[in-house]
2 protein chains.
Amino acid sequence: MGGPRFEPVRTVRAYERIVEQVEEAIESGTLCPGQRLPSERDLMGQFSVSRSTVREALRVLQARGLVRSRPGDPHGAEVQPFTPTELRKSMTMLARVDGLSLGELVQFRMVLDSSANLLAARLRTDEQLAEMDTAIAAMRAAVEVGYDEFSTADVAFHDTVAQASGNKLIQICTEVVRSIVLGLIADKIAAAPDRVALMRQSIRHHEEVLAAVRAGDGPLAARLSRRTMYDYYVGYVPTSERPALRALLE
Amino acid sequence: MGGPRFEPVRTVRAYERIVEQVEEAIESGTLCPGQRLPSERDLMGQFSVSRSTVREALRVLQARGLVRSRPGDPHGAEVQPFTPTELRKSMTMLARVDGLSLGELVQFRMVLDSSANLLAARLRTDEQLAEMDTAIAAMRAAVEVGYDEFSTADVAFHDTVAQASGNKLIQICTEVVRSIVLGLIADKIAAAPDRVALMRQSIRHHEEVLAAVRAGDGPLAARLSRRTMYDYYVGYVPTSERPALRALLE
DNA sequence: GATAGTGCACTGGTCCGACCAGTAGGCTGC
DNA sequence: GCAGCCTACTGGTCGGACCAGTGCACTATC
């Protein structure tokens with residue numbers, strides 16, 4: 001006792017050090033999207049490691065969506081612009097492995113969408129309002145055409161709202177969670193017997209939401225959007241999870 | 001025209017096929033957390049590839065947080081339980097690279113926290129109410145001790161609320177976004193001259209929120225929690241971003 | 001017989017050298 | 001000036017090798 005207290009040393013793999021250095025360069029802006037990394041054979045010289053080690057580091061960076069490499073490309077791996085691809089992947093994994101229920105996902109969409117509407121009601125531009133008009137018109141036109149077209153227009157509407165909220169995190173999470181939800185129940189929706197009636201009802205609801213956004217009534221838009229989403233998805237959510245959804249309807 | 005329409009073939013790397021197979025096994029439950037993968041030398045036999053390829057696949061799986069390997073472990077790589085570590089990593093990357101502003105992050109926390117309170121007001125158990133009581137008491141006791149202790153108690157309160165919401169996605173996102181926000185401004189908070197006053201005010205606000213949750217008044221709890229977070233963080237948010245935050249205060 | 005100590009078989013981490021298919025850009029021939 | 005080939009290089013994969021760790025069985029000891 002009283003001697004110097006030594007701390008356990010953590011052995012750090014060589015490839016991890018490489019990953020760290022490259023990540024740091026990207027975060028700090030030294031490496032920008034579009035720029036190229038040196039070739040693997042150059043990197044093994046710069047880092048003084050073997051090519052296997054360089055490649056393992058590149059695999060990790062690629063798995064994180066930071067770089068992309070193509071066989072035969074004489075310019076080396078390309079630094080990628082950030083995309084929510086990895087975010088979606090981890091969230092999808094979470095949904096499947098950790099057992100996220102459809103109810104939780106829909107509930108989260110209600111939270112995101114209503115918040116987006118709340119903000120959009122105050123911050124939207126005229127162009128965005130016009131875009132929402134266009135999206136609803138497309139939904140109307142798509143009812144007779146098919147569910148895919150309707151869904152595309154519906155997605156466009158919600159994306160515009162999310163964009164109008166001015167919050168990138170809301171936009172990205174909206175996109176990610178929606179794609180998971182749609183992936184889970186796309187087949188059921190397409191096969192629903194009351195599909196057309198659901199679409200028509202959804203259009204009416206979207207019109208009401210848009211009217212509230214246009215009028216600048218955020219709380220109303222938020223409340224209506226929650227109701228819209230609830231009515232549209234509740235049929236696919238197990239009965240036991242519905243009370244939790246209704247808790248968001250005030 | 002009229003002939004068979006061929007689709008472009010995507011060349012799939014060998015290591016990607018391995019990653020896919022292992023991921024599929026984990027998602028389907030064939031491989032459960034705690035189970036072990038065969039050793040790399042076994043895997044190269046099972047997949048009929050070289051060890052380098054097996055290792056690159058394992059690096060990707062490890063980067064995604066699905067497995068973990070230790071040098072010398074005679075049992076092979078271990079399948080990991082899902083943790084939001086990767087989610088946090090991608091979101092942190094997003095925040096840094098894609099330029100998420102502090103305002104957006106705080107705004108998102110307001111959205112998450114108010115929704116959690118809204119749900120918690122209806123779904124909370126008595127045990128969770130008691131936990132929140134304990135957390136606030138700890139906050140009170142920590143004012144004189146130091147900011148770290150206060151922050152820990154504060155985090156505990158919000159975590160309990162998120163848990164009481166019954167939505168895992170809200171819990172995880174809350175945790176992730178909070179750690180990013182705190183990482184961005186922890187030093188500023190600790191150095192704020194009116195730190196103690198802010199803490200006392202925050203405690204009062206938390207008590208009001210808890211009272212609303214206890215009374216089952218979701219909308220009130222949600223509104224108060226937004227106000228609480230706004231008042232606590234607004235001083236660190238650039239003036240230009242404050243109107244967007246205020247848009248959430250109704 | 002229980003236990004502490006030792007050795008071994010095996011692990012993952014790293015290195016090396018090699019081959020292949022694919023790409024881009026320069027070069028050649030027209 | 002342009003089309004087409006050639007080549008030097010790329011990333012993807014392979015096989016073999018060595019090292020430092022780890023866990024377990026075996027052994028010697030009490």
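Only this structure's heavy atoms are used, side chains among them; waters, hydrogens and symmetry mates stay out. Numbered from 1 within each chain, the chains take letters A, B, ... in sequence-line order.
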- Message: Can you measure A:Tyr15 atom OH to C:dG13 atom P for me and round it to whole angstrom units?
- Response: 6 Å
- Task: In plain terms, say whether B:Glu56 and B:Arg13 are close enough for a salt bridge, that is, a side-chain N and a carboxylate O under 4.0 Å apart.
- Result: no
- Note on the structure: From CZ of A:Arg36 across to C1' of D:dC9 the rounded distance in Å is 14 Å
- Are B:Arg109 and B:Tyr233 close enough that some pair of their side-chain heavy atoms sits under 4.5 Å apart? yes
- Message: Taking the minimum atom-to-atom distance to the side chain of A:Pro71, which one of D:dG15, D:dT22, D:dG11 wins?
- Response: D:dG11
- Query: Whole-Å distance between D:dT10 C1' and A:Glu78 CD?
  - Reply: 15 Å
- May I have the distance from A:Arg68 (atom CZ) to D:dT10 (atom P), rounded to whole angstrom? 18 Å
- Task: Starting at atom CD of A:Glu16, determine the distance to atom P of C:dG13, rounded to an integer number of angstrom.
- Result: 9 Å
- Message: Under 4.0 Å, counting only non-hydrogen atoms across every strand here, what does B:Ser52 touch: a base, just sugar-phosphate, or nothing?
- Response: base
- side-chain N/O A:Arg51 vs C:dA18 OP1/OP2, d < 4.0 Å: no
- Message: A side-chain contact here means heavy atoms from C-beta on lying under 4.5 Å apart; do A:Glu23 and A:Leu61 qualify?
- Response: yes
- With a 3.5 Å cut-off and just heavy-atom distances, do the side chain of B:Arg13 and the base of D:dG11 make a donor-acceptor pair? no
- Item | Any side-chain heavy-atom pair of A:Val79 and A:Leu66 under 4.5 Å | no
- Task: Look at all strands and tell whether B:Arg59 reaches a base, only sugar-phosphate, or nothing, counting heavy atoms closer than 4.0 Å.
- Result: sugar-phosphate
- Message: Counting only side-chain heavy atoms from C-beta out, which of C:dT14, C:dG13, D:dT13 sits nearest to A:Ser50?
- Response: C:dT14
- Task: Indicate whether OP1 or OP2 belonging to D:dT10 is found under 4.0 Å from a side-chain N or O atom of A:Ser39.
- Result: yes
- Query: With respect to the side chain of B:Glu56, which nucleotide from C:dT14, D:dT13, D:dG12 is positioned closest?
  - Reply: D:dT13
- Sugar-phosphate, base or nothing in reach of A:Arg41, heavy atoms under 4.0 Å: base
- Between A:Pro74 and A:Val54, who's closer to the 5' end of DNA chain C by nearest nucleotide? A:Val54
- Message: Does a side-chain N or O of A:Arg55 approach OP1 or OP2 of D:dG12 to a distance below 4.0 Å, or not?
- Response: yes
- Item | Non-hydrogen side-chain atoms of B:Leu129 and B:Thr160 separated by less than 4.5 Å | no
- Please report, rounded to the nearest Å, how far the P atom of D:dG12 is from the CD atom of A:Gln62. 7 Å
- Message: Tell me the interatomic distance from B:His75, atom NE2, to D:dT22, atom C1', rounded to whole angstroms.
- Response: 10 Å
- Whole Å only: how far is the CE atom of A:Met44 from the P atom of C:dC15? 9 Å
